[in-house]
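Since the structure is predicted, the reported quantities are computational estimates derived from the model, not experimental observations. Chain letters run A, B, ... following the sequence lines, proteins first and then strands; every chain starts at 1.
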Amino acid sequence: MEKTYNPSAIESTWYKTWEENGHFAPSGSGTPDSIMIPPPNVTGSLHMGHAFQDSIMDALTRYKRMKGNNTLWQVGTDHAGIATQMVVERKIMAEEGKTRHDYGREAFTDKIWEWKAESGGTITSQLRRLGASVDWDSERFTMDDGFYKAVQEVFIRLYEDDLIYRGKRLVNWDPKLHTAISDLEVENKDKQGHMWHLRYPLADGEKTGEGKDHIVVATTRPETMLGDTGVAVNAEDPRYKDLIGKDIVLPLVGRRIPIVADEHADMEKGTGCVKITPAHDFNDNEVGKRCGLPMINIMTLNGDIREEGEAFHIDGSPKSDIDVSIPEQFRGLERFEARRAIVSAFEEAGLLEKIEDHSLMVPYGDRSGVVIEPLLTDQWFVKTAPLAEPAIKAVENGDIQFVPKQYENMYFSWMRDIQDWCISRQLWWGHRIPAWYDNEGNVYVARSEAEVREKHGLGADVELNQDADVLDTWFSSGLWTFGTQGWPENTERLKTFHPSDVLVTGFDIIFFWVARMIMMTMHFMKDDTSPENPGKPQVPFKHVYVTGLIRDENGDKMSKSKGNVLDPLDMIDGIDLESLVTKRTGNMMQPQLAQKIEKRTRKTFADGIAPHGTDALRYTLYSLASTGRDINWDMKRLEGYRNFCNKIWNAANYVLMNTEGQDCGINDEDVELTLADKWIISKLQRVEAQIEKNIDDFRLDHASQNLYDFVWNEYCAWYLELSKPVLWDEDAPEARKRGTRRTLVRVLEAIMRMAHPFMPYITEEIWQQLKPLAGVEGETIMTAPYPVADESKIDAQAEEDIEWLKDFITGIRNIRAEMNIGPSKPLEVFLRNTSEDDLRRLEENTSFLMSLAKLDNLTALKEGDEAPMSATQLVGEMEVLVPMAGLIDKDKEIARLNREVEKLNKEVARFEGKLSNEKFVGKAPAAVIEKEKAKLEDARTALGKMEEQLAAIKAL
RNA sequence: AGUCGAUUAGCUCAGUUGGUUAGAGCGCCGCCUUGACAUGGCGGAGGUCAGCAGUUCAAAUCUGCUAUCGACUACCA
């Protein structure tokens with residue numbers, strides 16, 4: 001083994017070896033256990049959040065695999081409709097100055113496939129660097145033919161089940177990208193705007209209760225008034241109730257519109273009158289439905305004002321008997337320009353009552369960054385209510401469990417108020433909707449044009465055109481768990497690996513994806529195998545493990561525009577400052593931010609980033625995987641865990657140095673186990689049990705902490721040190737040395753297996769060296785059995801004895817440190833007030849003590865023996881005495897003892913207080929009282945000894 | 001406005017059903033290059049667990065209120 005730990009040297013080869021030897025594929029035996037990767041965007045690259053989640057999935061997968069499960073980690077990527085289309089559009093614009101329309105639909109999608117072939121490998125190579133043990137042989141892409149078949153089938157069946165419909169509805173329209181987006185892709189931002197109060201004159205000389213000839217409506221979007229089809233007032237409102245049924249003459253336009261009564265108008269708010277624009281506002285649309293108002297669309301798909309309005313009945317059918325003219329001066333205006341023009345027109349007409357500053361939420365498209373416009377368009381929808389019902393039940397009855405549980409609230413609150421889901425997108429990249437129209441506008445849904453003709457008896461003379469739209473990407477990713485495994489065929493793979501065990505994802509996509517996956521899966525996957533419950537819906541996964549979001553060192557969300565994104569590979573390989581700056585400031589959407597980002601980067605990473613290796617990165621991620629919602633990335637933690645890897649490396653180095661080529665007892669030769677051997681074996685069982693429990697509970701932070709503690713603070717700090725006096729003692733019996741070597745090797749070998757799911761590379765590297773010494777077989781640690789605690793090896797006596805030994809040694813070290821006695825100076829030590837247990841332990845551990853505490857003489861005083869004046873430490877009731885003569889400063893020792901006495905006094909007082917409280921003694925459980933009594937006893941004894949000692953030294 | 005979450009050492013975070021002397025890593029102070037490891041070793045300092053009130057023999061932990069921060073949902077005509 002190399003003398004120093006160099007992660008890049010060991011990480012480069014193992015992955016290839018594993019992959020080439022097929023160790024990532026399901027073994028085909030054992031209980032099936034599967035995880036479906038949340039498919040990352042094919043044209044993207046992995047960020048820290050992916051690294052985090054993928055590391056977790058890999059640990060769980062490797063753990064299950066070592067436990068003997070038939071383990072599948074299904075991998076794949078998502079076509080990410082809008083995002084990918086935009087990337088390629090930008091690319092052809094930058095390189096060729098062309099738009100997608102210059103290309104045409106087919107050529108453009110070919111271009112995207114080209115781009116995918118070029119850049120689609122980024123993700124997969126990153127996954128490989130992370131050590132992800134995914135089953136590459138079954139890798140899926142959501143645009144692959146097989147997957148498309150599943151998507152198409154789902155669409156058709158939902159349509160046939162009357163769960164998909166098409167209609168002219170108000171949707172969130174992105175005027176820049178020219179597509180509908182779901183309300184989840186809308187980002188509401190707080191903005192400062194205005195509230196314009198507009199006068200709407202009453203028709204036919206009517207007057208308000210206050211005698212005015214107009215009413216006042218307030219709006220934040222005055223331009224929509226061109227499409228007003230009514231004004232709502234509250235039926236109870238004394239000011240206006242007499243006007244209900246009367247008309248308004250819509251200013252600028254001249255259309256007569258009715259005053260209607262609707263609960264939406266709140267007497268307390270604003271003026272009490274609400275302009276109603278059913279074609280441009282979601283609330284107004286509801287009012288329109290209730291009051292039978294028509295809809296007039298006044299905007300183009302660009303968000304500009306139309307030449308003439310477009311009228312519809314509230315059900316979406318065209319309406320022709322209404323004035324839809326738009327004053328000439330506004331025609332063709334861009335929407336915000338139109339707003340200004342409308343406001344000044346009102347002002348000129350003397351109809352602008354007032355303008356107030358107003359803060360409001362404005363919807364922005366999270367992809368395009370432009371203001372979203374509610375717009376009437378023809379779209380396809382999924383009726384979600386019937387699908388949501390079983391999906392809610394599955395979580396209520398525990399078929400699906402969220403971890404941490406609190407996320408179930410989030411799920412329920414959304415699911416119980418779910419809206420129909422608009423699934424059509426006006427894009428070119430995605431799954432084309434399997435619907436055809438004839439020239440009469442009849443719609444036919446089927447698998448192909450040929451099937452349409454056959455099914456509906458349409459001759460070749462009937463012209464059919466396929467719907468131009470594609471499906472929302474989340475529609476297809478909703479099928480991920482079963483669509484990847486051959487559905488709609490009932491394949492062996494589907495039967496074996498569905499439902500999956502756990503979904504690991506972030507809370508930010510619970511609505512987007514998790515909920516929809518549950519709905520879709522439960523509708524289509526039925527349990528045909530269970531006789532007692534035939535047709536029971538299958539859930540996609542039994543657990544949803546929701547991770548926190550990784551933020552930067554200041555708690556800010558990582559984003560390209562902030563320039564605080566960290567690339568997991570830079571954590572692994574390291575990167576120099578200049579390259580990091582270039583990377584962060586290059587290819588930006590908003591180049592004006594570059595300077596700020598550069599400054600910040602130079603400050604935070606003055607020396608660039610040092611290489612840390614995959615294992616250290618992964619371990620850091622596990623240690624941060626607590627139940628919180630936010631995780632602030634801390635480079636110092638990463639450094640700490642790189643040091644941990646180094647520690648392991650060096651420990652292995654020590655073990656190998658002392659065991660290679662020597663008799664390690666692999667053939668069941670006689671061994672003598674020392675107390676230290678029994679102790680570390682015992683502790684190993686405990687940590688094995690802890691880790692198993694914590695992994696099963698998805699508490700990888702605890703599991704990694706357990707392992708860290710055991711390796712560093714028990715195995716390295718104590719056991720390796722305790723092995724030295726045995727191995728270096730020329731007089732020690734061979735059986736004892738053999739026992740120590742065997743324990744060194746066996747425990748380390750178990751540690752490697754235990755740690756492998758967390759740090760795959762270093763453990764494989766070391767395990768391969770250790771294997772012959774430990775007498776174990778196997779091609780790779782990946783398929784070696786995961787350690788299981790053996791209760792019979794727990795040795796409470798050995799544990800207590802070693803605790804005693806540690807106290808003893810720590811006591812001596814403490815005296816050395818406090819008294820400035822160097823660690824290499826041998827000491828003479830006396831013991832006073834020794835019990836039988838102390839004497840036995842002394843007898844069994846003399847050589848450990850002499851060596852670890854660097855003693856040259858150790859004498860247990862008998863009752864009545866005179867002790868020299870000494871510095872004292874207590875180990876239980878035994879006093880450890882280090883003679884002061886020539887070594888120890890009297891005043892220092894007095895000061896030290898004073899501190900001890902003071903501390904003990906406080907303790908005694910606290911315990912006495914508790915025990916003299918009648919209520920406590922009367923009500924607390926006996927065991928608690930006993931514990932307190934024992935603590936008081938210990939503190940009193942210690943105090944007595946310290947006081948005695950203090951008096952003696954003072955008397956000198 | 002509603003829902004949920006957070007507030008523990010200088011920093012980043014653990015703390016499972018109430019019962020410890022409230023823990024870890026990093027940082028800090030002192031000592032040490034001893035034959036696995038200075039990416040190390042040894043010793044140490046540092047916390048009225050956001051605040052207030054309550055329940056209890058006992059509260060970081062349970063309840064209520066307050067403050068600060070955050071997320072989401074809704075509304076603002």
Side-chain angles (χ1 to χ4, degrees), chain A residues 3-5 183 188 195 197 217-221 231-232 264-266 269-277 281 283-284 287 358-361 404 406-407 409-410 413-414 417 507-508 510-511 549 553 555 610 612 616 620 623-624 626-658 693-694 697 699 701-702 705 708-709 713 716-717 720-721 724 728 809-810 813-818 820-824 854 903 906-907 910-911 914 917-925 927-929 931-932 935 939:
Chain A
K3 186 84 180 143
T4 51
Y5 170 58
D183 48 2
N188 290 304
M195 181 73 82
H197 293 247
V217 297
T219 180
T220 56
R221 294 192 298 151
V231 170
H264 176 63
D266 184 337
K269 264 191 209 161
T271 62
C273 304
V274 189
K275 66 190 266 310
I276 303 298
T277 325
D281 182 282
N283 283 314
D284 291 4
V287 177
H358 183 70
S359 65
L360 70 167
M361 292 296 247
Q406 74 240 22
Y407 288 107
N409 288 332
M410 206 181 199
S413 72
W414 190 69
D417 186 31
F507 63 85
D508 48 335
I510 288 180
F511 308 143
L549 220 61
E553 65 282 357
H612 294 85
T620 309
S623 76
L624 295 173
S626 58
T627 58
R629 204 150 54 176
D630 299 303
I631 293 162
N632 293 357
W633 181 252
D634 181 2
M635 290 300 294
K636 292 289 185 188
R637 294 287 294 260
L638 179 61
E639 222 171 291
Y641 292 111
R642 185 199 51 192
N643 295 353
F644 180 49
C645 293
N646 185 58
K647 190 77 182 175
I648 291 176
W649 187 262
N650 284 302
N653 189 36
Y654 166 82
V655 171
L656 291 171
M657 270 169 46
N658 285 285
K693 181 185 183 299
N694 282 321
D697 290 346
R699 288 307 301 265
D701 56 333
H702 287 172
Q705 180 69 36
Y708 183 98
D709 269 346
N713 300 324
C716 292
L720 294 190
E721 295 307 317
K724 289 172 186 175
W728 296 348
I809 292 165
T810 308
R813 283 175 183 167
N814 184 276
I815 291 177
R816 282 183 189 275
E818 300 258 6
N820 287 327
I821 305 169
S824 51
K854 265 259 154 46
K903 211 165 87 184
K906 277 190 199 153
E907 267 181 47
R910 192 173 53 242
F911 299 139
K914 240 180 181 175
N917 181 344
E918 275 172 44
K919 288 180 180 169
F920 173 69
V921 180
K923 295 201 177 176
V928 173
I929 296 173
K931 224 166 138 187
E932 291 299 309
K935 283 194 279 191

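- Counting any heavy atom pair closer than 4.0 Å across all strands shown, A:S413 reaches no nucleic acid atom.
- A:R816 comes within 4.0 angstrom of nothing in the nucleic acid, heavy atoms only.
- Across all strands shown, B:A1 pairs with B:U73; the Watson-Crick or G-U wobble distances both stay below 3.5 Å.
- Contacts of A:T810 with the nucleic acid, taken as non-hydrogen atoms under 4.0 Å apart, involve only primed sugar atoms and P, OP1 or OP2.
- Residue A:K693 places no side-chain N or O under 4.0 Å from the OP1 or OP2 atom of B:U16.
- The separation of B:C49 from B:A24, taken at their C1' atoms, amounts to 16 Å, rounded to a whole angstrom.
- A:K935 comes within 4.0 angstrom of the backbone, heavy atoms only, and of no base.
- Rounded to whole Å, the separation between the C1' atoms of B:U17 and B:A53 comes to 26 Å.
- Counting any heavy atom pair closer than 4.0 Å across all strands shown, A:Y407 reaches no nucleic acid atom.
- Of the candidates B:C13, B:C57, B:G44, B:C13 carries the atom nearest the A:S626 side chain, counting heavy atoms from C-beta on.
- B:G64 and B:A59: their C1' atoms are spaced 15 Å apart (whole Å).
- Under the Watson-Crick or G-U wobble criterion, with both distances below 3.5 Å, B:A24 is paired with B:U12.
- The partner of B:A59 is absent, by the rule that a Watson-Crick or G-U pair needs both atom distances under 3.5 Å.
- Side-chain atoms of A:F920 lie closest to B:C57 of the nucleotides B:C57, B:A71, B:G15.
- Comparing A:Y654 and A:G628 by the nucleotide of RNA chain B that holds the closest heavy atom to each, the one mapping nearer the 5' end is A:G628.
- Cation-pi contact between A:K647 and A:Y708: absent, since separation from the ring centre below 6.0 Å together with deviation from the ring axis within 45° is not met.
- Contact annotation for A:C716: base contact, defined as any heavy-atom pair under 4.0 Å involving a base atom.
- A:K3 approaches A:W649 most closely through the heavy-atom pair O-NE1, 3.8 Å.
- Rounded to a whole angstrom, the distance from the P atom of B:G47 to that of B:U8 is 15 Å.
- Ion pairing between a basic and an acidic side chain is recognised when a charged N comes within 4.0 Å of a carboxylate O; A:E907 and A:R910 show no such pairing.
- Distances shorter than 4.0 Å separate none of the side-chain N or O atoms of A:N653 from OP1 or OP2 on B:C37.
- In the set B:A14, B:G43, B:C37, the nucleotide with an atom closest to the side chain of A:N646 is B:C37.
- Among the protein residues, A:K636 comes within range of the sugar-phosphate backbone only, with heavy atoms under 4.0 Å from sugar or phosphate atoms but none that close to a base.
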